[in-house]
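For reference, positions follow the sequence shown, starting with 1.
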Amino acid sequence: MSSVAEGNSTPRLRGESRTGTAPGPYRCGLFTWSAEHGFSLNGTHRYLLGTNVHQDQAGWGDGVTNRSVRRDLDTVKAAGFDFVRGSHYPHDPVFTTHSDEIGLLVWSECVFWGTGPGGTSPWSGGSYPVEEKHRPGFEASVRSQLAEMIRINRNSPSVIAWSMGNEAFFCDDAVLPEVRRFLSELVELSHELDATRPAAVGGVQRGGTDRIGDLAGYNGDGAWLFPDPGVPNLVSEYGSVITDRPGPYAPGWGDLAKEYEPSGDTPFPWRQPWRSGEAVWCGFDHGSIAGRHFGSMGLVDYARLPKRSWYWYRAHYRHIPPPAWPHPGEPARLRLSADRTVLEHADGTDDIHVTVTLTDTAGHPVSACAPVTLTIEHGPGEFAIGRRIRFAPDDPEAPGGPEGNALCALRDGAAAAFFRSYHAGTTLIRATSENLPDAVLELRTADGPPLDGPSPAPLDRHPTPPTAAAPPPGGRTVFGRDNPTGCSSHLPGRASLHVNDGTPETSWAPSPRDPAPWVAVDLERLVTVSGVRVEFTEPGPHRFVVEASRDRDTWTEIAAPVHASPSDASTRHDLEATETVALQVRVRLLHPHDDADEAPGIVALSVLGRL
């Protein structure tokens with residue numbers, strides 16, 4: 001392990017110091033969580049390999065069927081994972097009952113979480129109410145949902161932890177002590193309702209919240225900021241790779257592998273004995289208040305077609321080679337298929353996954369994009385938007401910009417939709433595309449009232465498109481507070497998390513041996529960046545450039561390089577930036593060691609912009 005990691009075993013955090021003491025081993029009849037030896041099941045050590053799962057899907061939102069929940073869990077299991085985190089709310093009860101049946105271990109999570117420190121934007125709500133009058137009702141709601149989650153699922157042997165929530169440190173500074181107090185009370189309530197399982201807290205990489213529960217879940221840069229933290233723990237989120245299908249054939253380790261060098265003998269060196277496991281963010285694309293593109297971090301897309309990263313995990317965890325990828329070429333045929341042809345129940349608990357594929361004359365998939373329409377010609381049933389659904393090539397350059405089309409996108413020669421029926425009978429679905437022969441698919445709904453006359457479902461529904469939230473006063477807001485950070489290097493006790501912890505007494509500083517130092521803030525959403533504020537520990541000389549990245553890989557300069565002279569007495573630089581849609585913003589120091597023994601430290605890095 002590098003000295004960078006060793007210097008951050010107890011990073012200083014904003015607000016109050018850490019509360020509580022490190023929990024000891026948590027033992028149940030079947031499993032043990034230990035700070036030294038990780039997770040054991042039936043007396044045998046087991047490193048958990050998991051994924052986070054939202055339950056919503058394209059078109060139907062959170063109103064998914066039992067069949068869809070089971071299909072998702074089967075997809076997780078088929079890739080070789082043995083652990084699933086129900087993020088970030090109690091899922092439908094079938095989530096745990098089906099996990100029991102197929103042998104997936106479950107982290108069941110409550111609703112206490114936030115996405116930002118609060119402020120003027122509706123998408124950036126803190127985890128805890130700032131106004132005191134709202135607190136009693138809020139706390140009562142969270143307690144009720146935690147109690148219901150435990151009472152509903154406590155007889156499921158698959159559940160190995162109850163989580164109080166996720167990243168509750170995202171809150172207004174004034175209420176951070178209340179957040180810690182409330183988390184502690186939720187832990188006590190969890191123990192009262194079920195003493196056989198640990199009370200976990202997810203996303204504890206900020207705010208001093210990692211020792212409140214029995215089990216700590218570290219997200220993002222928490223994977224390397226807390227090496228061997230002395231508390232039972234796992235990496236509850238890693239990866240966060242934004243890509244549309246097909247995406248790269250790669251795992252997307254992200255921060256998980258930051259402080260380690262994989263080799264042939266040790267391909268996963270971060271899997272230390274003290275760590276209980278890891279869960280990729282995330283299993284499936286999902287809807288997001290931060291925009292459609294930001295929700296595209298899944299191994300499987302929103303319509304439940306796997307990306308190539310899913311096949312990577314299946315190949316490495318189950319030793320099943322990936323299929324032949326669709327080859328470039330002109331489509332000659334349409335292929336219409338389904339995961340099954342009989343819908344067993346017409347009561348809203350069942351559905352069928354229908355896929356249309358563009359193929360060549362031999363029936364091999366081609367990576368092409370042609371408009372395709374699926375129409376229910378006769379019989380019962382509907383798609384999410386009616387009895388007809390039109391798939392169009394997803395064009396990020398089209399009007400609407402990079403958000404593209406989540407519901408009806410046709411990518412890499414394929415698209416999919418979910419079919420439901422509320423009556424018994426036989427349904428004929430026809431796929432059509434200009435200059436291609438039609439394809440048909442017959443489905444049967446076995447159980448339900450007969451269809452008397454034409455289906456009541458409309459041919460087309462036209463859902464109201466979402467509208468962007470009104471910009472805050474002045475047109476811009478501040479992003480980046482307590483978001484994940486990264487850097488090229490740092491001195492002991494001066495890690496990158498100090499550039500956005502809101503604490504003026506802390507700062508980031510690079511190692512004197514670093515020839516090209518930089519520090520970055522991950523915005524965790526796509527932001528149209530128009531300004532950057534950089535505050536140093538001391539007056540000039542400051543020489544730096546500000547860069548932005550949309551993919552965490554390719555960087556573009558967005559503000560003119562700053563070359564402040566030694567006589568410049570300012571420590572803060574407010575820079576206007578070329579408007580750029582970015583996921584990350586970084587400051588790269590230029591000639592850091594000229595006229596100084598040590599590169600200047602940065603107290604704060606803030607990003608101004610809009611969604």
Would you indicate whether the side-chain heavy atoms of [Y] and [X] approach each other to under 4.5 Å?
{"X": "Gln205", "Y": "Phe226", "result": "yes"}
{"X": "Tyr218", "Y": "Asn233", "result": "yes"}
{"X": "His490", "Y": "Pro510", "result": "no"}
{"X": "Pro517", "Y": "Ser488", "result": "yes"}
{"X": "Ser276", "Y": "Phe83", "result": "no"}
{"X": "Val545", "Y": "Val562", "result": "no"}
{"X": "Val76", "Y": "Val53", "result": "yes"}
{"X": "Val280", "Y": "Tyr313", "result": "yes"}

Do the side-chain N and O atoms of [X] and [Y] include a donor-acceptor pair separated by under 3.5 angstrom?
{"X": "Arg513", "Y": "Ser489", "value": "no"}
{"X": "Thr503", "Y": "Glu505", "value": "no"}
{"X": "Ser40", "Y": "Thr32", "value": "no"}
{"X": "Asp501", "Y": "Thr506", "value": "yes"}
{"X": "Tyr128", "Y": "Arg181", "value": "yes"}
{"X": "Arg494", "Y": "Ser507", "value": "yes"}
{"X": "Asn500", "Y": "Arg481", "value": "no"}
{"X": "Asp255", "Y": "Asn219", "value": "no"}
{"X": "Asn483", "Y": "Thr485", "value": "no"}

> Would Trp518 and Leu589 count as a side-chain contact (heavy atoms from CB on, under 4.5 Å) if you check the C-alpha gap in whole Å, the side-chain angles of each, and the deciding distance to 0.1 Å?
Replying inline: CA-CA 6 Å; Trp518 57 265; Leu589 302 182; over 6 Å; no
Side chain of [X], backbone of [Y]: donor and acceptor closer than 3.5 Å?
{"X": "Arg552", "Y": "Ser240", "answer": "yes"}
{"X": "Ser549", "Y": "Thr554", "answer": "yes"}
{"X": "Asp210", "Y": "Ala216", "answer": "no"}
{"X": "Trp33", "Y": "Ile160", "answer": "yes"}
{"X": "Ser127", "Y": "Gly114", "answer": "no"}
{"X": "Thr580", "Y": "Ala582", "answer": "no"}
{"X": "Asn52", "Y": "Glu237", "answer": "no"}

> What is the minimum heavy-atom distance between Leu225 and Ala495, and which atoms define it?
Replying inline: CD2-CB, 4.2 Å
> Which heavy atom in Arg586 sits nearest to a heavy atom in Ala520, and how many Å separate them?
Replying inline: CB-CB, 3.5 Å
> What's the verdict on ring pair (Phe, Tyr, Trp, His ring centres under 6.0 Å) for Phe536 and Phe544, showing C-alpha distance, side-chain angles and the deciding distance?
Replying inline: CA-CA 11 Å; Phe536 288 86; Phe544 64 94; 5.5 Å; yes
> Do Trp113 and His88 pass the ring pair (Phe, Tyr, Trp, His ring centres under 6.0 Å) test, and can you show the C-alpha distance, the side-chain angles, and the key distance before you say yes or no?
Replying inline: CA-CA 8 Å; Trp113 62 288; His88 301 293; 5.1 Å; yes
>> I'd like to know if Arg46 pairs up with Asp82 as an ion pair, taking the criterion as any Lys NZ or Arg NE/NH1/NH2 lying under 4.0 Å from an Asp or Glu carboxylate oxygen.
In response: yes
> Any Lys/Arg nitrogen of Arg206 or Glu167 sitting under 4.0 Å from an Asp/Glu carboxylate oxygen of the other?
Replying inline: no
Look at the rings of [X] and [Y] and say which category their plane angle falls in: under 30° parallel, 30 to 60° tilted, over 60° perpendicular.
{"X": "Trp312", "Y": "His316", "result": "parallel"}
{"X": "Phe182", "Y": "Phe112", "result": "perpendicular"}
{"X": "His54", "Y": "His286", "result": "tilted"}

Measure centre to centre between the rings of [X] and [Y], then say whether the value is under 6.0 Å.
{"X": "Phe39", "Y": "Tyr47", "answer": "no"}
{"X": "Trp253", "Y": "Tyr238", "answer": "yes"}
{"X": "Tyr311", "Y": "Trp325", "answer": "yes"}
{"X": "His542", "Y": "His573", "answer": "yes"}

>> Please determine whether ring pair (Phe, Tyr, Trp, His ring centres under 6.0 Å) holds for the pair Phe284 and Tyr302, giving the CA-CA distance in whole Å, both sets of side-chain angles, and the decisive distance to 0.1 Å.
In response: CA-CA 6 Å; Phe284 304 90; Tyr302 206 20; over 10 Å; no
> Looking at Phe138, is Arg135 sitting on its ring face, NZ or CZ under 6.0 Å from the six-membered ring centre and within 45 degrees of the normal?
Replying inline: no
>> I want to check a possible cation-pi pair here: Arg275 against Trp270, using under 6.0 Å from ring centre and within 45° of the ring axis as the test.
In response: no
> When you look at Arg476 and Glu576, which way does the salt bridge (Lys or Arg N to Asp or Glu O under 4.0 Å) test go after all the steps?
Replying inline: CA-CA 12 Å; Arg476 299 195 296 187; Glu576 292 299 313; 3.3 Å; yes
>> Is it true that, when you exclude Glu579 itself, more than 12 heavy atoms of the residues, nucleotides or ligands shown sit nearer than 6.0 Å to its CD?
In response: yes
>> If you apply the rule side-chain contact (heavy atoms from CB on, under 4.5 Å), what do you find for Arg588 with Trp555, and how did you get there?
In response: CA-CA 11 Å; Arg588 182 165 54 86; Trp555 295 88; over 6 Å; no
> Where do Trp162 and Ser108 land on the side-chain hydrogen bond (donor to acceptor under 3.5 Å, both in side chains) test, with the steps shown first?
Replying inline: CA-CA 5 Å; Trp162 305 117; Ser108 186; over 6 Å; no
>> Pair Ile242, Leu583 - check side-chain contact (heavy atoms from CB on, under 4.5 Å), show working.
In response: CA-CA 10 Å; Ile242 294 179; Leu583 182 64; 3.7 Å; yes
>> side-chain contact (heavy atoms from CB on, under 4.5 Å), that's the test. Do Val581 and Val527 meet it? Break it down for me.
In response: CA-CA 5 Å; Val581 177; Val527 174; over 6 Å; no
>> If the test is side-chain hydrogen bond (donor to acceptor under 3.5 Å, both in side chains), which one of Asp285, Asp244, Asp412 qualifies with Lys307?
In response: Asp285
>> Taking side-chain contact (heavy atoms from CB on, under 4.5 Å) as the criterion, tell me which of Leu186, Ile212, Thr209, Val142 meets it with Met164.
In response: Leu186
